[in-house]
K.L.:
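One structure coming up, written as structure tokens, with questions to follow.
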Amino acid sequence: MSDTLLRSAARSAKTNLVWLALPLIALAIAVASIVSTDPLSGFRNGAPPVENLTFERTVLDESGLRLLVRAGGSEPMTVAQVQVDDAYWQFTQDPPGQIARGQVAWLALPFPWVLGEAHALKVVTNTGATFAHDIAVAVPTPQPTAGQLRLQALVGIIVGIVPVAVGLMFYPVLRGVGQAGMAFLLSLTIGLLAFLLVDASAEALELASVAAAIFQGPVMVVLAALGSFLLLMAIGRRGGVPTGLALATYIALGIGLHNLGEGLAIGAAFAAGSAGLGTFLVLGFALHNVTEGIGIAAPILKQRPSLWAFAGLTLLAGGPAVIGMWLGSLATSAQWSALALAIGAGAILQVIVEVGAYLMRQSGKRIEVFLTPPVMGGLAAGVAFMYVTAALVKI
């Protein structure tokens with residue numbers, strides 16, 4: 001009997017393989033026939049193909065300037081000329097030749113840029129299409145030297161780690177709050193996270209709008225945020241509903257991913273030459289992030305975590321700002337910044353869901369707990385504080 005079952009299972013597996021292979025073979029034949037016969041050739045009327053060019057990086061150094069461009073459009077494109085301030089300049093391309101759809105190339109020009117001045121660039125393709133790019137303030141692009149990385153790490157620590165640590169230092173005082181105070185602090189956490197969710201989503205969509213079309217920016221942002229949310233929900237609920245230190249860890253993770261995006265913004269500001277603007281951003285972000293430490297402390301007020309736990313939460317929430325600083329000033333593009341912010345938005349949404357569920361369990365009520373005065377006050381206070389301090393970092 002067992003041999004019969006085994007033979008039946010083997011025949012069933014072979015049948016499934018055949019039915020799996022048939023549509024794949026049919027698809028391969030269809031693709032091969034389209035490529036070999038080019039059935040769309042009859043629709044061509046001699047018009048040039050639609051072209052698109054995205055500027056992803058601009059590097060200025062003693063040799064001139066370099067542009068990292070990504071090709072879009074329906075067919076490979078060829079860069080014929082490059083203008084700077086309405087004058088044509090000789091350039092070299094790496095790799096040379098046509099730029100295939102979705103591929104990148106470096107354009108290097110021996111242009112004597114002027115420190116602190118603005119320059120207008122224009123790339124002309126062999127079809128006559130033009131693509132403009134502006135350098136608002138010409139400054140040398142930071143080089144990845146040890147001294148530069150140390151300085152950026154210091155700024156990242158001031159922006160991310162120090163404010164979170166200051167917020168966590170309120171932990172001993174907060175332990176004395178009653179049930180109403182606990183409800184206020186948990187709802188305060190939800191309020192500040194809700195602001196970060198909206199802020200990160202808006203910034204991600206804004207960056208996605210200027211990324212190369214091939215990345216399908218808005219769709220990428222939505223899918224990345226949704227995937228991040230579902231993955232973290234699955235991990236968080238694997239061992240039951242997260243509470244206490246586990247919930248604080250998820251809050252720190254969500255905030256850390258958002259701080260990665262903030263670090264990217266500050267690093268990009270310094271790389272663009274906005275040194276004064278970068279200092280302003282640093283001070284604003286530092287104040288902006290103090291409340292995040294209080295939010296991380298809220299779920300562990302009934303516990304006594306070790307100092308190592310507090311140190312770990314601080315690094316998890318604030319440390320990514322250092323990484324963001326390095327990436328933002330040295331090598332980042334709009335699509336990757338948008339992706340990082342989208343992942344952070346999904347993580348923040350997961351934390352909002354878990355903190356909301358924890359708040360309902362703590363109060364012994366369901367959705368009506370959000371209509372109580374302490375909770376409504378905490379939600380309003382969290383959103384209001386983040387909104388007011390965000391005014392310091394918006395330009």
Side-chain angles (χ1 to χ4, degrees), residues 153-196 242-260 262-263 266 279 281-325 344 347-348 351-352 354-355 358-359 362 374-375 377-390 392-393:
L154 176 61
V155 175
I157 290 171
I158 296 173
V159 167
I161 296 178
V162 171
V164 173
V166 170
L168 283 170
M169 290 173 67
F170 287 98
Y171 171 81
V173 176
L174 298 177
R175 280 180 56 85
V177 301
Q179 184 173 353
M182 175 68 76
F184 176 85
L185 291 174
L186 290 173
S187 59
L188 178 78
T189 302
I190 296 175
L192 71 91
L193 290 173
F195 180 90
L196 294 180
T243 60
L245 186 57
L247 182 55
T249 301
Y250 281 109
I251 295 175
L253 175 62
I255 291 173
L257 290 173
H258 183 266
N259 284 340
L260 176 67
E262 290 186 342
I266 299 173
T279 302
L281 286 174
V282 167
L283 295 176
F285 279 132
L287 178 60
H288 190 60
N289 291 348
V290 169
T291 314
E292 296 174 353
I294 298 176
I296 296 171
I300 54 177
L301 294 181
K302 294 184 179 180
Q303 301 179 354
R304 291 186 177 274
S306 66
L307 290 177
W308 288 112
F310 282 107
L313 292 172
T314 301
L315 290 176
L316 182 60
V322 177
I323 301 174
M325 275 287 302
I348 291 170
V351 175
I352 290 175
E354 296 294 13
V355 175
Y358 182 72
L359 175 61
Q362 287 292 108
V375 173
L379 291 171
V383 173
F385 182 85
M386 297 299 281
Y387 179 83
V388 171
T389 56
L392 298 175
V393 300

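Quantities reported herein were computed from a predicted structural model and do not represent experimental measurements.
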K.L.:
How far apart are the closest heavy atoms of Pro374 and Ser187, and which atoms are they?
P.N.:
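The answer is O-OG, 3.5 Å.
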K.L.:
To the nearest 0.5 angstrom, please state how far the CG atom of Leu168 sits from the OG1 atom of Thr314.
P.N.:
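Nearest 0.5 Å value for the CG-OG1 distance: 4.5 Å.
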K.L.:
For Ala381, which residues count as a side-chain contact (heavy atoms from CB on, under 4.5 Å) partner, sequence neighbours excluded?
P.N.:
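For Ala381 the side-chain contact (heavy atoms from CB on, under 4.5 Å) partners, ignoring immediate neighbours, are Phe184, Leu188.
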K.L.:
Of all heavy-atom pairs between Ala347 and Gly254, which one has the smallest distance, and what is that distance?
P.N.:
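Ala347 and Gly254 have their closest heavy atoms at CB-CA, 3.9 Å.
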K.L.:
Between CD1 of Ile296 and CG of Leu245, what distance do you get to the nearest 0.5 Å?
P.N.:
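The distance works out to 11.0 Å.
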K.L.:
Apply side-chain contact (heavy atoms from CB on, under 4.5 Å) to Leu316 and list each qualifying residue two or more places apart in sequence or on a separate chain.
P.N.:
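Thr249, Ala252, Leu253.
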K.L.:
Does any pair with a residue in residues 161-173 pass side-chain hydrogen bond (donor to acceptor under 3.5 Å, both in side chains), and if so which ones, sequence neighbours excluded?
P.N.:
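The answer is Tyr171-Arg175.
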K.L.:
Checking Asn259 side chain against Ala317 main chain: does a donor-acceptor pair fall under 3.5 Å?
P.N.:
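Such a contact is found between Asn259 side chain and Ala317 backbone.
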K.L.:
So how far is it from Ile255 CD1 to Leu313 CG, rounded to the nearest 0.5 Å?
P.N.:
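Those atoms lie 10.0 Å apart.
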K.L.:
Which distance, rounded to the nearest 0.5 Å, do you find between the CD of Glu354 and the CG of Leu193?
P.N.:
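Here the rounded value is 12.0 Å.
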K.L.:
By side-chain contact (heavy atoms from CB on, under 4.5 Å), which residues pair with Val383, not counting sequence neighbours?
P.N.:
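For Val383 there are no side-chain contact (heavy atoms from CB on, under 4.5 Å) partners, ignoring immediate neighbours.
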K.L.:
Just to verify, what does Ala384 make a side-chain contact (heavy atoms from CB on, under 4.5 Å) with, not counting sequence neighbours?
P.N.:
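Checked Ala384 against side-chain contact (heavy atoms from CB on, under 4.5 Å); zero matches.
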K.L.:
Can you give me the closest heavy-atom contact between Pro320 and Gly256, atom names plus distance?
P.N.:
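Heavy atoms of Pro320 and Gly256 come nearest at CB-O, 3.1 Å.
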K.L.:
Do Leu257 and Ile348 come close enough that some side-chain heavy atom pair is under 4.5 Å?
P.N.:
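No - every pair of side-chain heavy atoms lies 4.5 Å or more apart.
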